[in-house]
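Right, one structure below, let's go through it.
Order of the sequence lines fixes the chain letters, A, B, ..., with proteins taken first and strands second; residue numbering starts at 1 for each chain.
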There are 2 protein chains.
Amino acid sequence: MITETKLKPISVIIVEDFKLTRVGLRCALNANEDINVVAEAEDAVEGLKLIERHKPDVILMDLGLPGMNGIEAMVKCKEMNFNSKIIALTSHDRSEEVIASLTSGASAYCLKDIDPNKLADVVRDVNTGVCWIDPVVAQMTLNALPKIDNIGVLPDKSHSNGCVPLTEREFEVLKHLVSGKSNTEIAKELIVSVHTAKAHVCSILQKMCVNDRVQAAVKAVKEGMV
Amino acid sequence: MITETKLKPISVIIVEDFKLTRVGLRCALNANEDINVVAEAEDAVEGLKLIERHKPDVILMDLGLPGMNGIEAMVKCKEMNFNSKIIALTSHDRSEEVIASLTSGASAYCLKDIDPNKLADVVRDVNTGVCWIDPVVAQMTLNALPKIDNIGVLPDKSHSNGCVPLTEREFEVLKHLVSGKSNTEIAKELIVSVHTAKAHVCSILQKMCVNDRVQAAVKAVKEGMV
DNA sequence: ATGTCCATTAGACAAGTGGGTAATATTATT
DNA sequence: AATAATATTACCCACTTGTCTAATGGACAT
């Protein structure tokens with residue numbers, strides 16, 4: 001059963017300047033038991049405040065906002081470092097806007113004429129980490145990806161990163177490592193001895209199959225495990 | 001759920017070498033009234049023949065096929081120019097594999113441990129043109145998108161590297177640094193002494209306003225200067 | 001020619017790093 | 001109750017890193 005029945009509902013914040021659209025979104029989403037719109041904002045500044053206060057699971061962000069636009073807002077939002085997923089919502093289908101959204105923190109890109117039920121599905125998907133892109137702009141987004149030599153990509157040697165998962169603690173250490181902290185600083189942060197920090201770093205390196213912390217940091221950033 | 005009322009079902013072809021997985025996929029999908037698995041293949045060559053014959057709406061393509069691999073198969077498939085949507089299916093989460101799939105014609109990337117009901121949803125989504133990417137690899141895919149910060153869409157990030165520009169040589173060193181090389185290795189690569197390499201690294205750190213090479217590497221990756 | 005910037009080299013030094021090995025406590029799992 | 005995994009600490013050792021001062025030659029501009 002994937003029905004999220006008795007779990008706590010997905011909390012959502014809507015940032016959208018048109019009142020009518022805002023009401024529409026709220027109604028469409030609140031019609032679902034597993035989704036709960038906890039707040040709404042009509043501009044980015046207000047939105048960011050609400051996001052900071054509520055730390056929602058999912059943020060519906062209109063791109064065409066007055067004042068600070070949606071993309072700037074998403075950047076600031078990501079800087080706050082909650083784990084909120086962002087759905088970019090717009091009526092345009094400009095290529096740069098799509099790419100800019102997705103590289104600025106959005107996990108999904110929806111056009112406003114999306115079916116309300118479908119939108120609820122997207123909210124659920126995005127909440128689990130899925131990347132979802134509207135049909136109208138999907139192809140152009142895929143075309144923007146850097147081309148890689150297709151042949152030889154599959155040595156099928158299953159290993160790379162996923163094989164040995166990091167423990168929670170190691171993951172915590174990794175985050176500090178990526179932010180450029182030394183072992184001593186990491187130790188201080190986690191309130192453990194330097195020896196412990198070193199031990200964690202050491203096993204992180206081995207599990208990630210890299211030789212030093214720089215490689216670990218780069219790999220972590222590139223693969224989005226931060 | 002969105003019940004696709006009495007329209008003709010979505011036709012699907014499965015290309016997968018493991019018989020058991022194949023059966024599992026077929027059962028999981030055929031359990032849905034609006035989805036109809038019309039054919040199955042256990043290798044790419046056979047798969048392409050079936051695809052040509054049936055012109056399915058959606059193709060489930062395993063990447064780790066014997067002989068011609070799934071990515072090659074997708075390229076050939078796209079060359080046939082039917083409008084079939086492709087879902088890449090694999091158990092790996094290697095970054096290059098994901099990108100290669102999506103640039104070779106796939107509209108979706110699923111790991112094999114996906115929930116069967118979810119897979120049916122993905123089939124429906126993809127059939128409408130959506131791009132859908134598994135949570136495990138979503139972030140790394142988004143990170144692979146080209147950064148576009150010179151367009152008016154994005155906030156003016158002059159702080160990034162604009163303060164003090166790196167020289168060509170330093171840039172060269174930075175690239176090696178990001179790839180995880182030690183000063184000794186960088187020196188060997190550039191055919192200079194270790195002292196030189198260290199000197200370059202030192203000025204890179206100062207120009208990038210960071211304290212150590214890890215921070216430099218992370219910043220370089222995040223801001224797309226590599 | 002003079003000054004400035006860059007690339008190169010060098011020696012020295014304090015601090016940090018990564019690899020060993022090994023021990024103990026806590027926590028799940030069986 | 002026994003086992004396994006994880007977190008924690010410690011010590012030692014070779015090596016790396018980042019900063020410092022200092023020197024040399026090339027390029028480019030005023």
**Report entry** Contact under 4.0 Å: B:S182 side-chain N or O vs D:dC15 OP1/OP2
**Finding:** no
Note to self: Taking only side-chain N and O atoms of B:N183, does any of them lie within less than 4.0 angstrom of OP1 or OP2 on D:dT17?
What the structure shows: yes
Under a 3.5 Å cutoff, is there a donor and acceptor pairing between the side chains of A:D57 and A:S11? yes
Picking from C:dG18, D:dG18, D:dT16, the nucleotide nearest the side-chain atoms of B:V201 would be D:dG18
Regarding the side chain of A:H195, the nearest nucleotide among D:dA7, D:dC11, C:dT9 is D:dC11
Between its two end axes (five pairs each) the helix from C:dA1-D:dT30 to C:dT30-D:dA1 turns, nearest 10 degrees, through 50°
Whole-Å distance, B:K198 NZ to C:dA7 P, equals 18 Å
Atom NZ of B:K188 and atom P of D:dT16 are separated, to the nearest Å, by 9 Å
note: B:E189, atom CD; C:dA7, atom C1'; distance rounded to Å ~ 18 Å
Looking only at C:dG19, D:dC20, D:dA7, the nucleotide nearest the A:L205 side chain is C:dG19
Of C:dT8, D:dT17, D:dT9, the nucleotide closest to the side chain of B:H200 is C:dT8
- Query: Does B:T167 have a side-chain nitrogen or oxygen under 4.0 Å from the phosphate oxygens OP1 or OP2 of C:dC5?
  - Reply: no
*B:I87 side chain near B:V126 side chain, heavy-atom distance below 4.5 Å*: yes
(Q) For the backbone of A:G180 and the side chain of B:Q215, can you confirm whether one donor and one acceptor N or O come within less than 3.5 Å of each other? (A) yes
Here the distance between atom P of C:dT9 and atom CG of B:L190, to the nearest Å, is 10 Å
When you measure from the side chain of B:N30 to the backbone N and O of B:C27, does any donor-acceptor pair fall under 3.5 Å? no
Check whether A:K85 reaches the backbone of A:G129 with its side chain - one donor and one acceptor, N or O, closer than 3.5 Å. no
Per atom distances to the A:R213 side chain, the nearest of C:dT17, C:dT9, C:dA7 is C:dT17
When rounded to whole Å, the CG to C1' distance for the pair A:D212 and C:dG16 reads 13 Å
**Message:** Tell me if a side-chain donor or acceptor on A:T196 pairs with a main-chain N or O of A:V192 at a distance below 3.5 Å.
**Reply:** no
Rounded to whole Å, CD of B:E185 lies from C1' of D:dT17 at a distance of 14 Å
Which part of the nucleic acid, if any, lies within reach of B:T196 when heavy atoms closer than 4.0 Å are counted: base, sugar-phosphate only, or nothing? base
Taking D:dT17, C:dA7, D:dA7 as options, the one with an atom nearest any side-chain atom of B:E170 is C:dA7
Exercise for the section: Indicate whether the side chain of A:S203 and that of A:Q206 have a donor and an acceptor atom separated by less than 3.5 Å. Expected result: no
Ranking D:dA7, C:dT9, C:dA12 by distance to the side chain of A:R169, first place goes to D:dA7
Rounded to whole Å, the CD1-P distance (B:I191 to C:dA7) equals 16 Å
From CD1 of A:I186 across to C1' of D:dT8 the rounded distance in Å is 16 Å
Q. Taking B:N32 for the side chain and B:I35 for the main chain, is one N or O donor matched with an acceptor at less than 3.5 Å?
A. no
From the candidates C:dG19, C:dC6, C:dA10, the one with an atom nearest any side-chain atom of B:S193 is C:dA10
Closest to the 5' end of DNA chain C, once A:N211 and B:A199 are matched to their nearest nucleotides, is B:A199
